Student: 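Please see the structure below; I have some questions.
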Amino acid sequence: QVQLVESGGRSVQPGGSLRISCVGSGFDFSRYCMGWFRQKAGKEREGVAAIDDDGDTNYGNSVKGRFAISKDNAKNILYLQMNNLTPDDTAVYFCAAQEPAEGWFVCPGTRPSYKHWGQGTQVTVSS
C-alpha cells in the first residue's frame, strides 16, 4: 500500500547543488515522519535529515548548513535540497516514512525507526 518513489539523482561537480524528490502514496503523508537517508559504497545506511508533521527538522552533522529538507503536503512530495556538494556526499539517497510513535518529540534519523522505504536514487559528486 505504502509507496515511496525517489527521483532527481545525477552526477554533479563539487560545489554544485541538486534537489532530489520523493513522491509518497498510500499513507497519511502530512502526519508521518519523513526522512532522507544515504548509503555510501560499502558502508551502512546513515540518516541525513528528517521532518515531522509540524515542519520541525533534524539533520545529520555532516550536512548541517548545506542540506535542507522540506515537503509539500498538498502534493505528497518530500524534497532534499543539497548545496555545496562534495565527493563525500556521493551515495544512494533513500526516502523513508514512519507513523510517529508515542514519545517521539522529533522525527529520528535512525534507520530502525522507519518502516517504509523507497528504492533510492544515485547522487554522484565528482570532477
Side-chain angles (χ1 to χ4, degrees):
Q1 189 74 28
V2 174
Q3 288 195 324
L4 300 167
V5 181
E6 303 96 333
S7 63
R10 62 179 299 157
S11 181
V12 297
Q13 293 184 329
S17 296
L18 185 68
R19 188 177 74 165
I20 56 176
S21 304
C22 170
V23 178
S25 62
F27 66 101
D28 192 345
F29 184 91
S30 66
R31 300 298 181 186
Y32 268 46
C33 282
M34 301 296 300
W36 285 104
F37 292 75
R38 67 185 182 187
Q39 189 163 14
K40 303 174 183 179
K43 297 185 178 180
E44 299 287 333
R45 195 170 300 181
E46 62 180 314
V48 174
I51 186 167
D52 70 9
D53 58 331
D54 294 321
D56 295 323
T57 57
N58 183 22
Y59 294 95
N61 289 333
S62 64
V63 306
K64 288 180 180 178
R66 298 191 299 120
F67 290 11
I69 187 172
S70 63
K71 60 176 180 175
D72 185 337
N73 287 329
K75 297 182 178 180
N76 286 6
I77 302 179
L78 180 74
Y79 299 101
L80 183 67
Q81 178 67 45
M82 299 179 285
N83 300 320
N84 300 316
L85 287 162
T86 75
D88 192 55
D89 294 315
T90 296
V92 177
Y93 284 73
F94 296 89
C95 174
Q98 176 65 48
E99 183 178 20
E102 290 188 28
W104 284 10
F105 298 101
V106 62
C107 290
T110 51
R111 181 177 181 178
S113 299
Y114 291 82
K115 180 179 180 180
H116 308 289
W117 295 85
Q119 82 289 347
T121 185
Q122 176 72 46
V123 174
T124 301
V125 185
S126 67
S127 300

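Values below: every heavy atom of this structure, side chains too, minus hydrogens, waters and symmetry copies. For clarity, every value in this text was computed on a predicted model and none was experimentally measured.
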Student: Give a yes or no on whether Gln119 atom CD has more than 12 heavy-atom contacts from other residues, nucleotides or ligands under 6.0 Å away.
Tutor: yes

Student: If you define the side chain from C-beta out and look only at heavy atoms, does anything of Ile69 sit under 4.5 Å from Val48?
Tutor: no

Student: Is a donor on one side and an acceptor on the other found under 3.5 Å between the side chain of Tyr79 and the backbone of Asp72?
Tutor: no

Student: Hey, quick one: are Val23 and Tyr32 part of the same hydrophobic cluster, counting side-chain heavy atoms closer than 4.5 Å, chains of contacts allowed?
Tutor: no

Student: For residues Lys40 and Asp88, determine if any side-chain heavy atom of one lies less than 4.5 Å from a side-chain heavy atom of the other.
Tutor: yes

Student: Please determine, by modelled atom types, if Asn84 and Thr86 share a side-chain donor-acceptor pair under 3.5 angstrom.
Tutor: no

Student: Check Arg38 with Glu46, please: is the shortest side-chain N to carboxylate O separation under 4.0 Å?
Tutor: yes

Student: Okay, side chain of Arg66, backbone of Ser62: is any donor-acceptor separation there less than 3.5 Å?
Tutor: yes

Student: Taking Gln81 for its side chain and Arg19 for its backbone only, find out whether a donor-acceptor pair lies under 3.5 Å.
Tutor: no

Student: Could you tell me which non-hydrogen atom of Val92 sits nearest to which non-hydrogen atom of Gln122, and how far apart they are?
Tutor: CG2-OE1, 3.2 Å

Student: To check you understand the geometry: which heavy-atom pair defines the closest contact between Cys33 and Pro108, and what is its length?
Tutor: SG-CD, 4.4 Å

Student: Using 30° and 60° as the class limits, which term best fits the ring planes of Trp117 and Tyr114: parallel, tilted or perpendicular?
Tutor: perpendicular

Student: Is Thr90 reaching over with its side chain to a backbone N or O of Val125, donor-acceptor style, under 3.5 angstrom?
Tutor: yes

Student: When clusters are formed by joining ILVMFWY residues with side-chain heavy atoms under 4.5 Å apart, either directly or through shared neighbours, do Phe29 and Phe94 land in the same one?
Tutor: no

Student: Considering only residues two or more places apart or on different chains, which pairs with a residue in residues 62-99 satisfy disulfide (SG to SG under 2.5 Å)?
Tutor: Cys22-Cys95

Student: If you count every heavy atom of other residues, nucleotides or ligands that lies below 6.0 Å from Lys75 atom NZ, does the total exceed 12?
Tutor: no

Student: Mark yes or no for whether Lys71, through its side chain, and Asp52, through its backbone, hold a donor-acceptor pair below 3.5 Å.
Tutor: yes

